Amino acid sequence: AGSEIAPSWSHLLHVSRRALLPTFCHMELAGFEHFSILGGFGTYEVQIALCYALAHFVLRFALKPIWGDKRNSAAVMGGSDGARGDAKFSAKDLAKRSLTIDVVAYNMIAVSYAVYCAVTGPMGWFDGSAAKVEGSPTDRLYAESAGAMALASLTASYELYNTVTVIFLPEYATAAFIGHHACTCLLAILGMHPFLNYYGFFFFGLSAVSSVPLALTELLKVMNSTAGLELCEIVFAILFLCIRTVYWPYVSYGFWGDMLGALQGTPGYPPVHSTFAYVVFLVANVGLTSLQLFWTTKILSAIVEKLGGGGE
């Protein structure tokens with residue numbers, strides 16, 4: 001039996017947004033008639049994405065007196081010019097880069113979003129909210145949690161803003177960056193059926209805890225500030241290894257068990273509402289897990305180099 005989840009204002013808001021979706025998106029599965037491929041994504045998420053864009057321009061205007069028309073000279077993490085903030089550019093190359101005010105504004109918004117996820121995700125994962133939708137395979141796959149839905153909704157909005165924004169920032173305009181943000185946006189949208197709300201607390205929320213010091217590191221670098229930079233890097237490395245290197249594969253193991261159980265029609269598992277959604281999530285998990293392992297090797301190499309006296 002599914003867990004009993006009390007109606008809430010966010011649930012009502014989700015239902016009202018769902019009514020705006022085209023009828024051709026809805027799936028006709030017994031007991032799952034209210035599900036659609038696009039989930040609850042609608043005008044609300046687009047409006048929040050536009051609010052992010054507006055915040056970017058407000059911050060840009062506020063930062064103008066500090067940096068003026070100065071171009072960003074710091075390399076960004078995983079961007080088009082490497083992972084370290086010590087790149088040197090010719091005057092010609094520097095002229096092609098983003099204005100510092102745009103990169104700073106972008107990273108300020110990234111910090112605020114990461115903080116929100118780092119607070120709400122762990123709270124939901126450990127305060128009993130996730131446990132309410134954990135009881136059975138049907139619960140873990142399809143039970144609705146207001147907290148997880150809000151997290152998915154904001155993630156979809158932020159990543160929509162993020163995907164569009166990085167296209168116009170040369171430092172971030174790589175296929176990897178654009179693809180990563182577009183994929184995360186799609187995952188959040190597909191999770192708004194509700195779908196995978198239980199796992200959403202972890203993948204959209206708890207895993208973002210390590211993103212806070214990472215976003216702060218990026219912000220400090222583009223601001224050419226060294227105050228607290230090394231501390232942020234150390235905290236990031238510790239949190240990443242604990243959450244994404246160790247805990248992520250453990251949660252992913254349970255995630256794969258539930259997803260494959262439903263796809264294979266295992267007794268006790270609910271019917272699959274969309275094979276497309278399942279495949280997207282499974283492929284994304286393989287890619288993202290591989291990415292965690294890749295960054296784990298980078299972090300461990302940096303630690304070994306630092307301990308060996310080769311670090312800066």
Side-chain angles (χ1 to χ4, degrees), residues 46 48-115 117 155-188 208 210-227 229 232-233 236 240 284 287-288 290-292 294-295 298-299 302 312:
V46 175
I48 297 302
L50 291 175
C51 287
Y52 274 120
L54 177 61
H56 182 112
F57 281 102
V58 170
L59 287 170
R60 190 180 191 275
F61 177 79
L63 295 168
K64 182 79 170 180
I66 302 175
W67 280 285
D69 293 327
K70 180 181 177 182
R71 298 283 173 174
N72 172 50
S73 60
V76 300
M77 185 74 70
S80 59
D81 44 26
R84 305 185 69 82
D86 53 7
K88 304 297 181 183
F89 302 97
S90 66
K92 181 179 179 180
D93 290 336
L94 191 60
K96 299 177 182 178
R97 296 174 65 79
S98 306
L99 293 175
T100 298
I101 55 176
D102 279 318
V103 182
V104 172
Y106 171 75
N107 280 285
M108 283 183 169
I109 292 174
V111 170
S112 66
Y113 167 75
V115 169
C117 292
T155 297
S157 300
Y158 171 72
E159 293 298 356
L160 177 59
Y161 150 80
N162 210 345
T163 303
V164 175
T165 302
V166 296
I167 294 174
F168 299 98
L169 298 176
E171 296 86 337
Y172 296 95
T174 65
F177 253 108
I178 296 171
H180 170 73
H181 295 306
C183 178
T184 306
C185 181
L186 176 60
L187 293 174
S210 63
S211 297
V212 175
L214 176 63
L216 286 172
T217 297
E218 190 88 331
L219 180 60
L220 291 172
K221 285 183 177 180
V222 299
M223 293 174 64
N224 292 318
S225 174
T226 58
L229 182 59
C232 286
E233 291 177 335
F236 163 69
F240 188 97
L288 291 172
S290 299
L291 191 62
Q292 313 311 318
F294 170 76
W295 279 107
K298 300 278 286 185
I299 291 171
E312 297 177 353

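We're numbering straight along the sequence, starting at 1. Not measured: the values here are computed from a predicted model.
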How far does [atom1] of [X] sit from [atom2] of [Y], to the nearest 0.5 angstrom?
X: I109; Y: T165; atom1: CD1; atom2: OG1; value: 7.5 Å
X: L59; Y: H56; atom1: CG; atom2: NE2; value: 8.0 Å
X: I66; Y: M223; atom1: CD1; atom2: CE; value: 7.5 Å
X: T217; Y: N107; atom1: OG1; atom2: CG; value: 10.5 Å
X: T174; Y: L169; atom1: OG1; atom2: CG; value: 11.5 Å
X: L186; Y: L160; atom1: CG; atom2: CG; value: 12.0 Å

Mutual orientation of the aromatic rings belonging to Y161 and Y106 [parallel < 30°, tilted 30-60°, perpendicular > 60°]: tilted
Exercise: do S98 and E171 side chains pair donor with acceptor under 3.5 Å: yes
Test item: side-chain donor near acceptor, Y113 and T155, under 3.5 Å: yes
Ring centers of H181, F177 separated by less than 6.0 Å: yes
Between [X] (side chain) and [Y] (backbone), is there a donor-acceptor pair under 3.5 Å?
X: R97; Y: N72; result: yes
X: Q292; Y: L288; result: yes
X: R60; Y: I101; result: no

Side-chain heavy-atom pair [X], [Y] within 4.5 angstrom cut-off:
X: M108; Y: L63; result: yes
X: I167; Y: I178; result: yes
X: I299; Y: F240; result: yes
X: Y158; Y: T184; result: no

Shortest non-hydrogen contact from [X] toward [Y]:
X: A74; Y: V222; value: CB-CA, 4.0 Å
X: F236; Y: S210; value: CD1-O, 3.2 Å
X: C232; Y: P213; value: O-CB, 3.5 Å
X: A156; Y: C185; value: O-SG, 3.5 Å

Stepwise side-chain contact (heavy atoms from CB on, under 4.5 Å) check, K64 with D69: CA-CA 8 Å; K64 182 79 170 180; D69 293 327; 2.4 Å; yes
Partners meeting salt bridge (Lys or Arg N to Asp or Glu O under 4.0 Å) with K70 (sequence neighbours left out): none
